[in-house]
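Sequence lines set the chain letters: A, B, ... in the order given, protein chains first and strands last, and positions in each chain run from 1. Since the structure is predicted, the reported quantities are computational estimates derived from the model, not experimental observations.
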2 protein chains.
Amino acid sequence: MNINPKKISEPQLKEQEFSINHQKLIDATIETIAKRGLADTTIAQVAKKAMVSQGYANFRFKSKENLLLSSLKFLSDEYKNSWQRIFEDNNLDPVGRVIKIIENDFSSKIANRNKIAVWVSFYSEVKFRPSYLTICQKQDEIYSSQMEKLIKEVNFLTDQTFLTPREISETYLSMVDGLWQRILFDPKMYSHVFCKGLVKKYFRNIYIDEKRFL
Amino acid sequence: MNINPKKISEPQLKEQEFSINHQKLIDATIETIAKRGLADTTIAQVAKKAMVSQGYANFRFKSKENLLLSSLKFLSDEYKNSWQRIFEDNNLDPVGRVIKIIENDFSSKIANRNKIAVWVSFYSEVKFRPSYLTICQKQDEIYSSQMEKLIKEVNFLTDQTFLTPREISETYLSMVDGLWQRILFDPKMYSHVFCKGLVKKYFRNIYIDEKRFL
DNA sequence: TTTTGTATTGAATAATCATTCAATATGGCT
DNA sequence: AGCCATATTGAATGATTATTCAATACAAAA
């Protein structure tokens, strides 16, 4: 009766978060948003890319909204992990950490055009979906305060006193957001090399004796 | 036959850009995007807010897409004008101009939460709609080059040589974009005063003797 | 007043989608 | 093998929405 044979069931797992299909759908969602935009992302397209039926995608995530939210959560966690790894590395001193953070923020894994497109899509809806805001805002607060603490350590080791740790940290984080957005417009001009160079020059100007910022 | 009387016709104008209804629809579009987001903005809602019929909105702008594009163009022009006014003011010296630009970028007319929401909505679609990209990119190129030229003049009058005009200009423009986005998340924390202070402190640190950056 | 051309309406159309659910397949259990 | 519980399907449903267009109102001209 059926033309297309059904998928062979994957081994069942109690934690749905670890199900293959769960992750396949999230990956497909991110790819679809990156390729077509949030506005033109439909369950049908995502399901097709994940190679499951449309009905299944909805069944698994209860709703499209929930699928989108899960995808945002996934991206957010990925970023958090890469950041956390830098802070747990005991071989790094404060300046080394700052440099690693810059490298990470403009690495091809984090700052590629597809992922930025997804981030910006969600950002743009933040004002209208409290659930998006919660994730994005909480994320931001963590990075702000951790970065500020880190800069405080750097300041302590240098003779920089004009700019407060808060000011440096807020400036850096804003710059990153702004540069990410520009990567979307013009990825050639705003290459990773260019962006990293710009940010490092900012730090170099503050900590004029710290040769590592170059 | 008709319950609702039709609107009384406005005096006809040859240039459709000056028609009252034309502008009413654009204003209504911006308000609707600001309130509900680009994704949930429908012609029906816009038409209702502009107090014309749904059919008319479509007739006037040919398509929804065209209405959105016209609204983006309007915002873009508004920004361009405010920027241009600063450059045409002959009473200002280079530093004075930079300060005016900062004031303008975080004025309540330009950097209010509604308009930022609209900007970010369009930004997020830039990768998928070449027509949006054209407007946003062209705008950005103008500000980049004009700002760079301006900073070159400031550098010339000071002993700052470490950072190039290009670097300062790119850093400033990225910061503004980043801060605008943050205003959406948390307008209390990222108040206009805070944002202006942060940016001025950036310049103060570069041009350490220029007391006006404070 | 009547005519005429333009402005505006609002209801109908057709397309797109999220969501639902009855039907079916699958793999483990007895 | 036959049964059961779960996984997955795909077609149907209903809601939303851009777009179209014939009908109508209006203002100015004749």
Side-chain angles (χ1 to χ4, degrees), chain A residues 1-26 28-29 32-33 36-71 125 128-129 131, chain B residues 1-26 28-29 32-33 36-71 125 128-129 131:
Chain A
M1 195 65 69
N2 274 327
I3 311 280
N4 298 332
K6 303 229 168 141
K7 284 186 54 63
I8 293 167
S9 297
E10 301 293 339
Q12 299 168 31
L13 295 165
K14 277 170 192 161
E15 302 292 322
Q16 75 160 6
E17 284 75 20
F18 295 131
S19 146
I20 305 271
N21 279 340
H22 186 94
Q23 189 57 43
K24 269 206 301 192
L25 278 164
I26 285 179
T29 303
T32 305
I33 295 174
R36 320 176 71 98
L38 191 53
D40 287 347
T41 292
T42 67
I43 295 249
Q45 285 159 358
V46 171
K48 190 179 173 192
K49 188 169 293 241
M51 291 188 296
V52 300
S53 72
Q54 180 173 351
Y56 182 70
N58 229 280
F59 166 79
R60 204 48 142 81
F61 283 88
K62 265 180 39 205
S63 71
K64 182 190 182 186
E65 186 60 21
N66 192 248
L67 172 58
L68 294 177
L69 199 60
S70 301
S71 305
E125 291 283 305
F128 319 106
R129 326 246 162 170
S131 50
Chain B
M1 195 65 70
N2 272 327
I3 310 279
N4 298 333
K6 304 233 168 138
K7 282 184 57 58
I8 292 165
S9 298
E10 301 292 340
Q12 299 169 32
L13 294 163
K14 276 169 193 162
E15 301 292 322
Q16 74 159 6
E17 285 75 19
F18 295 130
S19 144
I20 305 270
N21 280 340
H22 186 94
Q23 189 57 43
K24 269 206 301 191
L25 277 164
I26 286 180
T29 303
T32 306
I33 295 174
R36 320 176 70 97
L38 191 54
D40 287 346
T41 292
T42 68
I43 296 249
Q45 285 159 0
V46 171
K48 191 179 171 192
K49 189 169 295 240
M51 291 188 297
V52 300
S53 73
Q54 180 173 350
Y56 181 69
N58 230 280
F59 165 79
R60 204 47 143 84
F61 283 88
K62 266 180 41 206
S63 70
K64 182 189 181 186
E65 186 61 22
N66 192 248
L67 172 58
L68 294 176
L69 198 60
S70 302
S71 304
E125 291 284 305
F128 318 106
R129 326 248 161 166
S131 50

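- The local environment of NZ in A:K64 is crowded, with over 12 non-hydrogen atoms from other residues, nucleotides or ligands closer than 6.0 Å.
- In the set C:dT9, C:dT19, D:dT8, D:dT8 carries the atom at the smallest distance from any side-chain atom of A:F59.
- Applying the 6.0 Å contact sphere to NZ of B:K48 captures no more than 12 heavy atoms from other residues, nucleotides or ligands.
- In this structure, the NZ atom of A:K24 is 15 Å from the P atom of D:dA7, given to the nearest Å.
- With D:dT17, C:dT8, D:dT8 as the choices, the nucleotide that has an atom nearest any side-chain atom of B:T42 turns out to be D:dT17.
- When rounded to the nearest whole Å, the span between OH of B:Y56 and P of D:dT24 equals 20 Å.
- Comparing A:Q54 and B:Q54 against DNA chain C, the residue whose closest nucleotide sits nearer the 5' end is B:Q54.
- One atom, CG of B:D40, and another, P of C:dC17, lie 15 Å apart when rounded to the nearest Å.
- Distance A:K62 NZ to C:dC21 P: 16 Å, rounded to the nearest Å.
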**Request:** Carefully, step by step, assess A:F61 and A:I26 under the rule side-chain contact (heavy atoms from CB on, under 4.5 Å).
**Result:** CA-CA 10 Å; A:F61 283 88; A:I26 285 179; 4.0 Å; yes
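- Rounded to the nearest 0.5 Å, atoms CD1 (B:I43) and OG1 (B:T29) are 8.0 Å apart.
- What separates CD1 of B:I43 from P of C:dT13 is a distance of 20 Å, to the nearest Å.
- Whole-Å rounding puts the A:F61 CZ to C:dT19 P distance at 13 Å.
- The nucleotide whose nearest atom lies closest to any side-chain atom of B:K64 is, among C:dT19, C:dT9, D:dA18, D:dA18.
- In terms of phosphate contacts, B:N21 brings a side-chain nitrogen or oxygen within less than 4.0 Å of OP1 or OP2 of C:dT8.
- One atom, CG of A:N58, and another, P of D:dA7, lie 17 Å apart when rounded to the nearest Å.
- Distance A:L25 CG to C:dA18 P: 13 Å, rounded to the nearest Å.
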